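These numbers come from a predicted model, not from an experiment. Below, chains carry the letters A, B, ... as their sequence lines are ordered, and counting in each starts from 1.
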Protein chains: 2
Amino acid sequence: MTDLLASTDPRTGDTVVQVARTPAAEVARVAAAAAAAAPELDRRGREFRARLLRAIASRLEASREAIVALGQRETGLPEARLNAELTRTAYQAEFFAGVIEEGGYLEATIDHAADTPMGPGPDLRRLLIPIGPVAVFGASNFPLAFSVPGGDTVSALAAGCPVVVKAHDSHLGLSQLSFAALAEACADVDAPEGTVGIVFGTEAGAALVADPAIKAVGFTGSLSGGRALLDIINGRDEPIPFYGELASVNPLVVTPAAAAERPEAIASGLVASVTASGGQLCTKPGIVFVPEGAEGDRLLQEAASLIGETAAHPLLNARIAESYRDITAAFTDAPGVKVLATGAAAPNEGRFGTSRLLEVDAADFTPAVAEECFGPSAIAVRYRDAGELRRAFAALPASLTATLHAAADDPDLEALVALVRPLAGRLVFDQFPTGVLVSWAQHHGGPWPSTNTLHTSVGATAIRRFLRPMVWQNAPHAVLPPELHDDAGVPQRVDGRLRL
Amino acid sequence: MTDLLASTDPRTGDTVVQVARTPAAEVARVAAAAAAAAPELDRRGREFRARLLRAIASRLEASREAIVALGQRETGLPEARLNAELTRTAYQAEFFAGVIEEGGYLEATIDHAADTPMGPGPDLRRLLIPIGPVAVFGASNFPLAFSVPGGDTVSALAAGCPVVVKAHDSHLGLSQLSFAALAEACADVDAPEGTVGIVFGTEAGAALVADPAIKAVGFTGSLSGGRALLDIINGRDEPIPFYGELASVNPLVVTPAAAAERPEAIASGLVASVTASGGQLCTKPGIVFVPEGAEGDRLLQEAASLIGETAAHPLLNARIAESYRDITAAFTDAPGVKVLATGAAAPNEGRFGTSRLLEVDAADFTPAVAEECFGPSAIAVRYRDAGELRRAFAALPASLTATLHAAADDPDLEALVALVRPLAGRLVFDQFPTGVLVSWAQHHGGPWPSTNTLHTSVGATAIRRFLRPMVWQNAPHAVLPPELHDDAGVPQRVDGRLRL
């Protein structure tokens with residue numbers, strides 16, 4: 001094993017940046033520094049952390065040009081996409097600043113001392129407090145928004161938890177650049193030493209998850225990668241929460257009425273959603289249920305024609321390119337699967353992905369073609385009636401999202417909602433699942449294998465992953481956190497009643 | 001292996017009730033019935049489930065006499081304690097009825113479609129929905145409140161999840177009686193078939209946790225038992241949340257100022273807390289830090305005198321009695337440990353626990369005597385100064401609770417709070433940790449090994465364990481849950497602002 005990691009340009013295979021693997025002793029030092037920072041980061045309070053988050057947004061903006069330039073070389077993603085992702089990432093940091101300023105996330109709850117049906121009750125005051133240092137694993141497909149400065153990092157910092165990032169091997173230079181922005185922001189507000197840290201290399205990541213100083217892990221990546229980290233966690237003396245965002249096929253169902261009503265609009269939205277960012281989005285609709293018959297045919301003809309016009313897209317790294325080639329080949333070889341359309345051939349099949357639209361009859365739809373295929377492909381499953389749709393659904397794993405395209409007053413809608421609801425965390429109606437807005441109501445998570453928790457990795461409530469409840473019983477006023485004082489200026493539930 | 005389980009009277013060892021072990025096929029049938037009931041239990045809505053919970057409270061009250069009579073024989077707990085526990089258990093069911101009627105637990109959140117810094121945002125509506133069938137493992141030490149009709153069961157039903165209980169072997173008859181109350185309550189309100197189920201025997205419990213229909217596990221019991229269930233969960237295709245309430249030593253610190261101010265009051269409260277229910281409470285203060293010197297001596301002399309007056313208590317079962325004998329023997333043999341006092345000798349050492357107060361110098365305090373000892377004993381750790389206290393704390397595992405006894409304006413208080421905070425989920429000031437009120441602000445959970453989650457098993461927020469978020473994007477009004485309509489009559493966060 002060489003001591004150096006290298007990121008490569010996915011279009012050419014040329015080395016872009018080399019970085020040394022972090023040795024085990026340095027991983028332990030970084031984790032210990034995070035643990036040492038934790039009480040002080042909590043003590044500084046919400047106002048301080050809001051300033052830190054806004055400084056992160058500013059520093060990211062200030063490094064935009066360098067980040068976007070290097071990002072194109074390391075990821076093959078286009079300039080506009082990286083610019084938009086940087087905007088989103090900076091916005092997300094500012095959004096969490098607002099979330100913690102508002103304070104509702106603390107779930108402050110006060111039960112004053114009182115007589116109860118079980119006798120005298122003590123004064124009880126509950127608050128969510130930071131869990132401790134968090135390990136964050138950057139994802140390849142969102143090199144900013146789900147990587148070093150991404151949602152896991154800023155939601156953990158917002159909660160009051162120091163963060164140690166394991167950089168993704170695919171964008172080492174970008175990880176260094178964006179970590180520098182985090183470190184500068186920490187310096188700007190004089191954050192405690194150890195508030196943010198970074199390590200490089202698979203072994204360093206494993207050591208980080210095993211380190212007793214780490215109290216939670218945020219991970220966006222493959223099912224196998226997530227399973228490997230879960231195994232490390234299960235071997236710790238102290239099991240810790242693991243927040244994995246793993247695999248998702250994102251079924252999309254078109255009802256007969258919708259196919260009749262707007263075949264072109266659905267086809268064009270679908271193809272845009274399947275091929276966006278080279279199909280390398282965790283919410284890409286990979287399996288599309290289309291009714292048999294003329295309207296469904298028309299929709300798919302339109303989609304096939306659009307797929308035929310797409311250029312090949314550089315894939316994020318060699319592993320993804322290889323996996324895309326293998327999985328699309330396996331799908332194409334599966335019984336009953338037809339290739340409806342392919343996009344332009346890749347200039348370099350080892351690194352680029354050619355778009356593909358496949359088709360299979362619902363009767364032939366099995367778990368073998370219901371696997372996530374990361375890249376610009378989708379498979380259309382043709383169904384005759386509700387019973388066939390229901391039987392085909394039995395082969396589907398759960399997903400982050402499920403999408404329904406229906407007509408107004410569609411007779412199938414209610415039954416379809418009941419069908420897809422157990423299989424997803426976000427139900428999308430007449431839109432497309434890619435594009436996950438950072439907002440108060442957003443939820444990005446679903447039943448296994450899409451995630452393994454009851455929490456989200458996008459949106460305001462992502463912060464809950466890094467907090468634990470604490471209750472103060474009969475506490476002197478002087479030792480209470482300010483948010484647990486009476487009338488503290490944050491939402492509180494007092495003696496059972498919510499107050500603003 | 002015989003097909004019959006038997007509960008015994010802890011005072012005599014006589015068999016009280018025999019129950020057949022549930023065969024694997026029956027476990028699968030019960031789990032499948034729970035899965036079949038799940039969508040309907042959700043669909044019936046909060047008002048229906050509040051009626052179900054109130055019916056449970058009524059049916060428990062109606063069976064009070066039989067339950068308390070049989071409970072005394074199976075657990076050795078006194079009549080008054082079992083009566084109080086039944087009151088608490090019925091109250092808890094009614095409490096959760098109120099929690100779901102109020103509706104804040106749903107975290108209803110609406111972001112209307114709007115322009116955002118990242119472009120047009122869709123209409124997003126987030127709600128917590130039931131996770132699916134829950135397996136509940138009854139605890140030996142609260143044969144009602146943490147068993148068949150206990151907090152895990154009623155919080156899961158409140159959430160909308162069917163429940164399958166694995167009855168504790170120690171109180172088989174009580175489990176049958178209280179399950180009958182649950183089943184009658186289900187009949188009273190015509191709940192879906194499969195809403196509640198029960199299985200008997202260790203093997204049935206293991207099969208239940210492995211069953212794909214089960215979507216979460218609530219467990220109150222030993223660390224080793226919890227670890228065994230976690231291993232089963234880690235072997236499932238779909239890992240599921242495990243809510244374990246496991247082991248807790250519940251440190252209690254007396255400052256020099258408090259020892260000087262009120263030695264008798266602290267001593268008597270302490271002995272009552274250590275010996276209540278035979279010391280078989282998960283929040284029993286097992287390790288008591290007392291300052292060196294005359295005031296600390298006086299406090300311990302008073303406590304020793306009170307311990308000397310206590311009668312031996314029948315322990316819940318033979319395993320607990322054996323473990324109590326072994327652990328107190330190991331503690332007594334540990335270097336530097338003195339026996340300060342023992343209570344009346346047990347009439348039958350194999351089944352009863354004799355109260356014990358031990359003492360050790362902080363310099364000799366090691367993890368060997370910092371283990372949970374389930375039964376009526378505590379160990380006093382004598383400390384000279386803050387430094388010695390801090391060093392002794394390094395041997396302490398985390399707990400459900402930590403208790404501080406201080407004087408008004410005690411100079412040591414702030415540092416002590418910082419010291420104990422990472423080690424507990426409830427901080428108790430100048431009171432005692434036993435007695436866990438069921439209320440809105442309550443939290444019963446702490447860092448590993450006391451629990452393994454960021455959630456509570458007592459109080460209103462216990463319901464969050466059995467819910468997962470779901471977001472509806474651009475959904476037609478007709479398919480939205482009623483709580484996600486605009487102005488739905490439950491607390492909602494609308495476009496970022498909390499509304500009552």
Heavy-atom distances under 4.5 Å only: say whether [X] touches chain B with side chain, backbone, both or neither.
X: A:Ile240; result: neither
X: A:Ala475; result: both
X: A:Arg421; result: both
X: A:Thr403; result: neither
X: A:Asp42; result: side chain
X: A:Pro422; result: backbone
X: A:Ala424; result: backbone
X: A:Arg493; result: side chain
X: A:Ser439; result: both
X: A:Pro449; result: neither

Contact origin within [X] toward chain A - heavy atom pairs under 4.5 Å:
X: B:Ile131; value: side chain
X: B:Asp123; value: neither
X: B:Met470; value: both
X: B:Val428; value: both
X: B:Pro241; value: side chain

Options [options], ranked by heavy-atom pairs under 4.5 Å with chain A, top entry:
options: B:Thr109, B:Leu427, B:Leu230, B:Leu498; value: B:Leu427
options: B:Arg499, B:Gln431, B:Arg464; value: B:Gln431
options: B:Ala460, B:Pro117, B:Gly119; value: B:Pro117
options: B:Asp495, B:Asp237, B:Val494; value: B:Asp237
options: B:Thr461, B:Thr116, B:Leu124, B:Asp111; value: B:Asp111
options: B:Arg125, B:Glu414, B:Glu102; value: B:Glu102

- Task: Please name the pair of heavy atoms, one in A:Pro447 and one in A:Ser399, separated by the smallest distance, quoted to 0.1 Å.
- Result: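 For A:Pro447 versus A:Ser399, the nearest heavy atoms are CD-O, 4.1 Å.
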What are the two closest heavy atoms between B:Glu238 and B:Arg236, and how far apart are they?
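For B:Glu238 versus B:Arg236, the nearest heavy atoms are O-NE, 2.8 Å.
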Separation between CH2 (B:Trp440) and OH (B:Tyr105), nearest 0.5 Å, reads 10.5 Å
When rounded to the nearest 0.5 Å, the distance separating OG of B:Ser450 from CZ of B:Arg426 is 11.5 Å
Would A:Ile129 and A:Leu467 count as a side-chain contact (heavy atoms from CB on, under 4.5 Å) here? Give the steps. CA-CA 5 Å; A:Ile129 66 171; A:Leu467 297 163; 5.9 Å; no
Check: [Y] and [X] side chains under 4.5 Å, non-hydrogen atoms:
X: B:Leu413; Y: B:Leu404; answer: yes
X: B:Thr283; Y: B:His444; answer: yes
X: A:Phe242; Y: A:Asn452; answer: yes
X: B:Asp430; Y: A:Asn474; answer: yes
X: B:Met118; Y: A:Leu437; answer: yes

Distance only, no hydrogens: is a donor on one side chain within 3.5 Å (strictly under) of an acceptor on the other, for [X] and [Y]?
X: B:Asn250; Y: B:Thr401; answer: yes
X: B:Gln442; Y: A:Arg126; answer: no
X: B:Thr255; Y: B:Asp412; answer: no

Original post:
Once the angle between the rings of A:His455 and A:Tyr243 is folded into 0 to 90°, is it parallel (under 30°), tilted (30 to 60°) or perpendicular (over 60°)?
Top reply: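 Plane angle over 60°, so perpendicular.
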Specify which of [options] makes the most heavy-atom pairs with chain B at under 4.5 Å.
options: A:Thr453, A:Asn234, A:Leu127, A:Asp231; result: A:Asn234
options: A:Val479, A:Thr87, A:Ile110, A:Val417; result: A:Val479
options: A:Pro239, A:Ala216, A:Gly121; result: A:Pro239
options: A:Ala38, A:Ala418, A:Pro122, A:Gly446; result: A:Pro122

Open item on the list: Exactly one of B:Thr456, B:Leu400, B:Leu246 should register a side chain to side chain contact (heavy atoms under 4.5 Å, CB included) with B:Thr451. Which one does?
Closed with: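 It is B:Leu400, the one option of B:Thr456, B:Leu400, B:Leu246 that forms the side chain to side chain contact (heavy atoms under 4.5 Å, CB included) with B:Thr451.
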